[in-house]
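Values in this document were obtained by computation on a predicted structure and should not be read as measured data. Chain identifiers are assigned alphabetically (A, B, ...) following the order of the sequence lines, protein sequences preceding nucleic acid strands; residue numbering begins at 1 within each chain.
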2 protein chains.
Amino acid sequence: MSKSWPVLNAVDTVACCSPLAHEPMTQEQAEQVAPLLKALADPVRLRLMSLVASHEGGEACVCDLTGAFDLSQPTISHHLKVLHASGLLDRDKRGVWVYYRARTDALAHLAALISAPGDALV
Amino acid sequence: MSKSWPVLNAVDTVACCSPLAHEPMTQEQAEQVAPLLKALADPVRLRLMSLVASHEGGEACVCDLTGAFDLSQPTISHHLKVLHASGLLDRDKRGVWVYYRARTDALAHLAALISAPGDALV
DNA sequence: TATCTATGTTGACAGACGTCAATGTCCCGT
DNA sequence: ACGGGACATTGACGTCTGTCAACATAGATA
């Protein structure tokens, strides 16, 4: 429980710490990273991330997304909020529409953390 | 909804499908992958994976793990069961002890799926 | 056989989570 | 100013999840 480093948000923590298998994670690191994975660990949110990331221009408005699911609009809005709050989606309101964009850097850092040792981090 | 490919377990699905941002995931793919992420999306299980993966020999018995947490032994056993059931940990009973080993291939495939397009899959 | 030790299982409980209907807010066109 | 469309928030509901105490099982050893 050294708690020596400065306060970082979840994405920064993912960016700074070692791959899963290189050395044991501290409890603090785990508690910072787990919410990011939890945000991704839902079928609807996984598809939302995928739809946004693969959409032309790298961004999509809510109206592009709701049609892909058999869920109510508030439910989609809720999932987008979770992804935005965790730092995996950027939010940009333009006029009446709200556009979401995938934080590919956050995804890449998460991927680097999960993968086996030997994978370099930025 | 082509549902044309044969039944695969979660790890195989991760191995076969495209990175998150390359093309939209199908609902079926998302429902196969999400449980893997959900298994990782807990601070205790993240640290368990990290402890096992970074332990000498690449494996660790339960007795090596329980001491790192302020949790009861049944709780650790429960988390290990979740990780094993999802295919992220291999289980090997030798005598009285049970050894767990990280499925680095599954982790690598998960990481490849999460990361941005351009990352090749095996 | 009896006992000890390492690990898993069961049952119960509080809290978190996904979902929806209803409502609210903001912006644009008329 | 008014009305409508795009999106968010609220409150409620059932379900899932993490945790523990108690108990069960299986292997080693005497």
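Near-neighbour residues of DNA chain C inside residues 57-64 of chain A, defined by a heavy atom below 4.0 Å, are absent.
The two residues P43(B) and E31(A) come nearest to each other via the heavy atoms CB-CG, 3.9 Å. Among all heavy-atom pairs drawn from A34(B) and L46(A), the shortest one is N-CD1, 3.8 Å. Nearest approach of P24(A) to S50(B), heavy atoms of both residues: CA-OG, 3.1 Å.
Residue contacts shown for L71(A) are limited to sugar-phosphate atoms, with no base heavy atom under 4.0 Å away. Using a 4.0 Å heavy-atom cutoff across all strands shown, Y99(A) reaches no nucleic acid atom at all. At the heavy-atom level, Y100(B) lies under 4.0 Å from the strands shown only through sugar-phosphate atoms.
Under a hydrophobic-cluster definition in which Ile, Leu, Val, Met, Phe, Trp and Tyr are linked whenever side-chain heavy atoms come within less than 4.5 Å, directly or via other members, V62(B) and V44(B) are assigned to the same cluster. Hydrophobic clustering places F69(A) together with Y100(A) (ILVMFWY residues linked when any side-chain heavy atoms are closer than 4.5 Å, directly or through intermediates).
Applying the disulfide (SG to SG under 2.5 Å) definition to pairs two or more places apart or across chains, none involves residues 67-104 of chain B. Residue pairs meeting the side chain to side chain donor-acceptor pair (under 3.5 Å) criterion with at least one partner in residues 59-70 of chain B, sequence neighbours excluded, are E59(B)-R94(B), E59(B)-R101(B).
Bracketed by its first and final contacts, the part of DNA chain D lying under 4.0 Å from non-hydrogen atoms of chain A reaches from dA6(D) to dT9(D) in 5' to 3' order. The outermost nucleotides of DNA chain C lying under 4.0 Å from heavy atoms of chain B, listed 5' to 3', are dA6(C) to dT9(C).
With a 4.5 Å cut-off on side-chain heavy atoms, L48(B) and D42(B) do not count as touching.
Residues satisfying the side chain to side chain donor-acceptor pair (under 3.5 Å) test with S72(B), not counting sequence neighbours, are T75(B).
For the pair R94(A) and H78(A), nearest-nucleotide mapping onto DNA chain C gives the more 5' position to H78(A). Comparing D42(B) and W97(A) against DNA chain D, the residue whose closest nucleotide sits nearer the 5' end is W97(A). Residues H79(A) and G95(A) both approach DNA chain C. Their nearest nucleotides, taken by heavy-atom distance, put H79(A) toward the 5′ side.
When atom types are taken as modelled, the side chain of S115(B) and the backbone of A111(A) share no donor-acceptor pair closer than 3.5 angstrom.
Atom CD1 of I114(A) sits about 9.5 Å away from atom CG of L113(B), to the nearest 0.5 Å.
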